[in-house]
Engineer: 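Structure below; questions to follow.
For the single chain, residues carry numbers from 1 onward in sequence order.
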Amino acid sequence: GALIVAALAVSIGARTYAQCAPPAAIQSSAREPQPFEDEIAQFEAADRANPPRKGNILFVGSSSIRMWPNLQGDFPQATVLQRGFGGSELSQVVYYATRIVLPYCPRRIVLYAGDNDLADGRTPDQILRDYEDFVALVHRAMPKTRIAFVAIKPSRSRWALADNMRATNDLVRAYTATDPLLTYIDVFTPMLGADGQPRDELLAPDMLHLNARGYALWRRLITPFVNGTDR
């Protein structure tokens with residue numbers, strides 16, 4: 001019963017998103033030259049060898065997505081696609097979206113980006129504009145696709161940027177509230193201890209990336225969006 005209903009829902013979802021509009025030419029604020037051409041080409045080669053079904057859940061962004069050790073296993077109720085490229089900034093995700101976002105016609109997108117942007121000197125306002133560009137690009141091609149922005153995480157190694165992290169997250173949260181297709185997933189607050197500092201037990205030895213406990217927390221927070229039970 002329940003399994004058949006779930007399978008039917010997935011099948012209907014895949015058919016619905018199989019007809020998304022083709023990628024369009026975009027204007028990007030990414031700065032040339034782009035450093036991730038090799039990684040993007042590897043994704044495209046993998047897609048040619050084993051074309052992903054359209055209408056799945058896409059995880060895209062920087063190293064916190066790329067390094068997720070067992071993404072599919074952590075979300076067994078959905079078929080997920082992992083398209084993170086480490087070191088990337090949000091403007092670069094926008095730049096490559098016609099190649100590693102739109103072709104998959106995802107029905108839901110989980111995005112983590114902005115962390116590297118702040119470290120590279122970009123401002124909260126610039127990151128918000130890049131996110132607005134990403135949303136506009138996706139919704140031109142796929143007007144019904146839902147997008148979740150995973151908050152910029154607190155980390156010990158970048159704690160000097162905490163004020164800008166909070167400012168960026170606040171801007172994105174406010175923007176998200178204007179569109180029912182957008183979701184903001186707050187990982188920032190749960191990753192702080194009672195002392196208001198990053199919880200080091202969630203971080204890898206470099207005090208920047210997540211360890212297994214950190215990913216377990218993210219899995220719990222992101223699962224409702226992936227499964228469609230968040231609203």
Engineer: Taking salt bridge (Lys or Arg N to Asp or Glu O under 4.0 Å) as the cut-off, I'd like each qualifying pair that reaches into residues 58-70, sequence neighbours left out, listed once.
Structural biologist: none
Engineer: Determine, using the 4.5 Å side-chain heavy-atom cutoff (strictly less than), whether L210 and L208 are members of one ILVMFWY cluster.
Structural biologist: no
Engineer: Between atom CG of N116 and atom OG of S63, what is the distance when rounded to the nearest 0.5 Å?
Structural biologist: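 Answer for the CG-OG pair, N116 versus S63, is 6.0 Å.
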Engineer: Is there a side-chain contact between D120 and E89, using heavy atoms and a 4.5 Å cut-off?
Structural biologist: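 They are in side-chain contact.
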Engineer: Which pairs count as salt bridge (Lys or Arg N to Asp or Glu O under 4.0 Å) when at least one residue sits in residues 188-202, sequence neighbours excluded?
Structural biologist: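 Listed once each, the pairs are R156-D200, R199-E201.
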Engineer: Show me the pairs that pass side chain to side chain donor-acceptor pair (under 3.5 Å) and involve residues 174-185, at least two apart or across chains.
Structural biologist: R146-T183, T183-R231
Engineer: Check whether any side-chain heavy atom of L81 sits under 4.5 Å from a side-chain heavy atom of Q72, and report yes or no.
Structural biologist: no
Engineer: Partners of S88 by side-chain contact (heavy atoms from CB on, under 4.5 Å), sequence neighbours excluded?
Structural biologist: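 With sequence neighbours excluded, S88 shows a side-chain contact (heavy atoms from CB on, under 4.5 Å) to F36, S62, F85, Q92, V93, given in chain and number order.
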Engineer: So do the side chains of L182 and V135 get within less than 4.5 Å of each other, counting heavy atoms only?
Structural biologist: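 Yes - at least one pair of side-chain heavy atoms lies under 4.5 Å apart.
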Engineer: Determine whether the aromatic ring centres of residues F43 and Y96 are separated by less than 6.0 angstrom.
Structural biologist: no
Engineer: What is the minimum heavy-atom distance between V101 and P106, and which atoms define it?
Structural biologist: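 Looking at all heavy atoms of both residues, the shortest contact is O-CD, 3.4 Å.
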Engineer: Got a sec, which residues hit salt bridge (charged side-chain N to carboxylate O under 4.0 Å, His left out) with E44, two or more places apart in sequence or on another chain?
Structural biologist: R99
Engineer: Show the nearest heavy-atom pair for residues M191 and P154, with the distance to one decimal.
Structural biologist: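 Here M191 and P154 meet closest at CB-CG, 3.5 Å.
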Engineer: With N70, which residues qualify under side chain to side chain donor-acceptor pair (under 3.5 Å), at least two apart?
Structural biologist: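 Listed in chain order: nothing, the list is empty.
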Engineer: Testing the basics here: between P198 and L192, what is the closest heavy-atom pair and its distance to 0.1 Å?
Structural biologist: N-CD2, 3.9 Å
Engineer: Is it true that a side-chain atom of D117 and a backbone atom of L90 form a donor plus acceptor pair closer than 3.5 Å?
Structural biologist: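 Yes, the answer is positive, given that a donor and an acceptor are paired below the 3.5 Å cut-off.
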Engineer: Strictly by side chain to side chain donor-acceptor pair (under 3.5 Å), give each pair with a member in residues 211-227 just once, sequence neighbours left out.
Structural biologist: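 Every side chain to side chain donor-acceptor pair (under 3.5 Å) pair that includes a residue of residues 211-227, provided the two are not neighbours, is D74-R219.
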Engineer: Using atom types as modelled and distance alone, determine if a side-chain donor or acceptor of R107 lies under 3.5 Å from a backbone N or O of T145.
Structural biologist: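 Not at all, since once roles are kept as given, no pair shorter than 3.5 Å links the two residues.
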Engineer: For the residue pair L221 and P190, what are the closest heavy atoms and their distance?
Structural biologist: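 Where L221 meets P190 most closely, the heavy atoms are CD1-CG, 4.0 Å.
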Engineer: Assess the side chains of N56 and R53: does a donor N or O sit below 3.5 Å from an acceptor N or O?
Structural biologist: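 R53 and N56 do have a side-chain donor-acceptor pair below 3.5 Å.
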Engineer: Which distance, rounded to the nearest 0.5 Å, do you find between the CG of L217 and the CD1 of I222?
Structural biologist: 9.0 Å
Engineer: Would you mind reporting whether L171 and D125 have side-chain heavy atoms less than 4.5 Å apart?
Structural biologist: yes
Engineer: Return the minimal non-hydrogen interatomic distance between D47 and P52, and the atom names on each side.
Structural biologist: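 That would be OD1-CG, 3.6 Å.
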Engineer: Restricting to pairs with a member in residues 147-170, which pass ring-ring contact (aromatic ring centres under 6.0 Å, His included), not counting sequence neighbours?
Structural biologist: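 Every ring-ring contact (aromatic ring centres under 6.0 Å, His included) pair that includes a residue of residues 147-170, provided the two are not neighbours, is Y131-F149.
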Engineer: Which atoms form the tightest heavy-atom contact between S155 and L203, and what is the distance?
Structural biologist: CA-CD1, 4.0 Å
Engineer: Does R83 reach the side chain of I65, with side-chain heavy atoms less than 4.5 Å apart?
Structural biologist: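 SC-SC contact between R83 and I65 ruled out.
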Engineer: When rounded to the nearest 0.5 angstrom, what is the spacing between CG in L58 and CD1 in I100?
Structural biologist: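 So the CG of L58 and the CD1 of I100 are separated by 7.5 Å.
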Engineer: As a quick check of understanding, evaluate side-chain contact (heavy atoms from CB on, under 4.5 Å) for Q77 and V226, giving each step before the final call.
Structural biologist: CA-CA 8 Å; Q77 269 69 50; V226 169; over 6 Å; no
Engineer: How would you list, by chain and number, every residue that makes a salt bridge (charged side-chain N to carboxylate O under 4.0 Å, His left out) with D115, sequence neighbours excluded?
Structural biologist: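 Checked D115 against salt bridge (charged side-chain N to carboxylate O under 4.0 Å, His left out); matches are K153, R158.
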Engineer: Let me see the working for V150 and L111 under side-chain contact (heavy atoms from CB on, under 4.5 Å), right down to the final yes or no.
Structural biologist: CA-CA 6 Å; V150 179; L111 170 70; over 6 Å; no
Engineer: Name all residues meeting the side chain to side chain donor-acceptor pair (under 3.5 Å) criterion together with D206; count only those two or more places apart in sequence or in a different chain, and write none if there are none.
Structural biologist: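 H209.
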Engineer: Centres of the W68 and F75 rings: under 6.0 Å?
Structural biologist: yes
Engineer: Nearest 0.5 Å please: distance from the CD1 atom of I152 over to the CG atom of N169.
Structural biologist: 5.0 Å
Engineer: Just wondering, do T79 and I57 contact through their side chains at under 4.5 Å, heavy atoms?
Structural biologist: no
Engineer: With a 4.5 Å cut-off on side-chain heavy atoms, are Y112 and V60 touching?
Structural biologist: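 No, too far: nothing below the 4.5 Å cut-off.
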Engineer: Which residues satisfy the side-chain contact (heavy atoms from CB on, under 4.5 Å) test with Q42, sequence neighbours excluded?
Structural biologist: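 Q42 satisfies side-chain contact (heavy atoms from CB on, under 4.5 Å) with no residue once adjacent residues are dropped.
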Engineer: I need the Y104 OH to M142 CE distance, nearest 0.5 Å.
Structural biologist: 11.5 Å
Engineer: Can T123 and N164 be said to form a side-chain contact (heavy atoms from CB on, under 4.5 Å), step by step?
Structural biologist: CA-CA 7 Å; T123 67; N164 279 341; over 6 Å; no
Engineer: Is the backbone N or O of M207 less than 3.5 Å from a side-chain atom of S157, with the two atoms forming a donor-acceptor pair by type?
Structural biologist: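 Judged by distance alone, yes, a pair lies under 3.5 Å.
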Engineer: Any heavy-atom pair between the side chains of I147 and L181 that's under 4.5 Å?
Structural biologist: no
Engineer: Output the distance between atom CD1 (I127) and atom CD (E132), rounded to the nearest 0.5 Å.
Structural biologist: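 Answer for the CD1-CD pair, I127 versus E132, is 12.5 Å.
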